[in-house]
Amino acid sequence: MNAGDAGLAFAWGLASGSGLLIGAVIGLYANLPRRAVALVMGFGSGILISVIAFDLMDEAFGHAGLLPVVGGFLGGAALFTVVSIALARAGGRHRKRSAHGPDGANARAIAVGSIMDNIPESIVIGLSLIDGKGVAIATFVAVFLSNVPEALSSSAGMKAAGRKVSAVFRLWAVTMVLSGILALVGYLVFAGLSSTATALMQAAGAGALLAMIADTMIPEAFEETHDAAGLVAAIGFLVGFALSHGLA
């Protein structure tokens, strides 16, 4: 365990969470076309899928083998799905969908859902620093891009519901700091454990991320960019592949 890397884990988690503040600014003060937001979401989906395949699952498989990784992957996906269903019933179904801005009744549930989405994202950033090779840039870019539209949608809805701008910014500032803390936790908790335990957590994070992409990001990208969603996601995947292999 390295104190410098622990500090970097917090800093990279904080930086990835800064996408939430950027999204909040856009949602509160700008009128960005929904198609543009959806294109960002589709691009981010492609990068995240690449991260899952090349940075998380491949590395986890190398350390733990097939069966443990399958168990971790399915466990992470199942846990995310159960919590997501509960949040959907509370009004947080469209937390990453700019075409379905939240109203006063569900804006808070969407914010809670956004925090939930950040848990696997931020922990995975912390895990990427354990090998001492620095943060996985593809993971960081994907998480940052996915944070922007979700804060945009929720912030616009909370503003329409009459919440003070200062309260909205305070919410996302806290969530951004939480992203840094979760990345730090991911590093500190697993840096001292076996490579098998780290691999299981990587697989669980990968499963949760894939469930999140299918549940929240891809529907947004497709709804607003029917004719371009697949191409944009494919480009994102290739960018993620290049970043994961040091080709960019």
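The model shown is predicted, which means the values in this text are computed figures rather than measured ones.
Cluster membership check: Leu238 does not share its hydrophobic cluster with Leu145, using side-chain heavy-atom separations under 4.5 Å among Ile, Leu, Val, Met, Phe, Trp and Tyr. Linking ILVMFWY residues whenever their side-chain heavy atoms come closer than 4.5 Å, directly or via other members, places Val177 and Phe140 in the same cluster. Hydrophobic clustering of Ile, Leu, Val, Met, Phe, Trp and Tyr side chains at less than 4.5 Å, counting indirect connections, keeps Leu200 apart from Ile125. Ile119 and Val82 end up in different hydrophobic clusters when Ile, Leu, Val, Met, Phe, Trp and Tyr side chains are linked at under 4.5 Å. A single hydrophobic cluster is not seen to contain both Val174 and Leu14; linkage of ILVMFWY side chains at heavy-atom distances under 4.5 Å, directly or through other members, places them apart.
Scanning all heavy atoms of the two residues, the minimum distance from Ala199 to His63 falls at CB-CB, 3.9 Å. Residues Val232 and Gly42 share a closest heavy-atom pair of CG1-C, 3.8 Å. Counting all heavy atoms, side chain and backbone alike, Ser179 lies closest to Gly13 at CB-O, 3.3 Å. The minimum heavy-atom distance between Gln202 and Leu56, with the atom names listed, is O-CB, 4.2 Å. Here the closest heavy-atom approach between residue Ala211 and residue Ala77 is recorded as CB-O, 4.0 Å. Contact record, Trp172 with Ala24: CD1-CB, 3.6 Å, taken as the closest heavy-atom pair.
Using a 4.5 Å heavy-atom cutoff, the side chains of Val69 and Met57 are in contact. Contact check for Ile52 versus Ile213: side-chain heavy atoms found under the 4.5 Å cut-off. Contact of the Leu28 side chain with the Phe169 side chain is registered, since non-hydrogen atoms from C-beta on lie closer than 4.5 Å. Contact check for Thr81 versus Asp215: no side-chain heavy atoms found under the 4.5 Å cut-off. Inter-residue side-chain proximity for Trp12 and Ile137 is flagged as met; some heavy-atom pair is nearer than 4.5 Å. With contacts defined as side-chain heavy-atom distances shorter than 4.5 Å, the pair Asn147/Glu121 qualifies. A 4.5 Å side-chain heavy-atom check between Val189 and Ile123 finds every atom pair outside the cut-off. Side-chain contact between Ile47 and Phe237: absent, with no pair of heavy atoms (C-beta onward) separated by less than 4.5 Å.
Atom-to-atom distance recorded for Leu243:CG and Thr139:OG1 is 9.5 Å, nearest 0.5 angstrom. With values rounded to the nearest 0.5 angstrom, Leu127 atom CG is found 6.0 Å from Met201 atom CE. With values rounded to the nearest 0.5 angstrom, Thr198 atom OG1 is found 6.0 Å from Leu193 atom CG. Atoms CD1 and CZ, from Ile85 and Phe80 in turn, are 10.5 Å apart once rounded to the nearest 0.5 Å. In this structure, Leu184 CG and Leu8 CG are separated by 11.0 Å, a value rounded to the nearest 0.5 Å. Note that the CZ atom of Phe10 and the CG atom of Leu188 stand 11.5 Å from one another [nearest 0.5 Å].
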I would like to know whether Tyr29 and Val165 meet side chain to side chain contact (heavy atoms under 4.5 Å, CB included); could you show each step before the answer? CA-CA 10 Å; Tyr29 298 112; Val165 169; 3.4 Å; yes
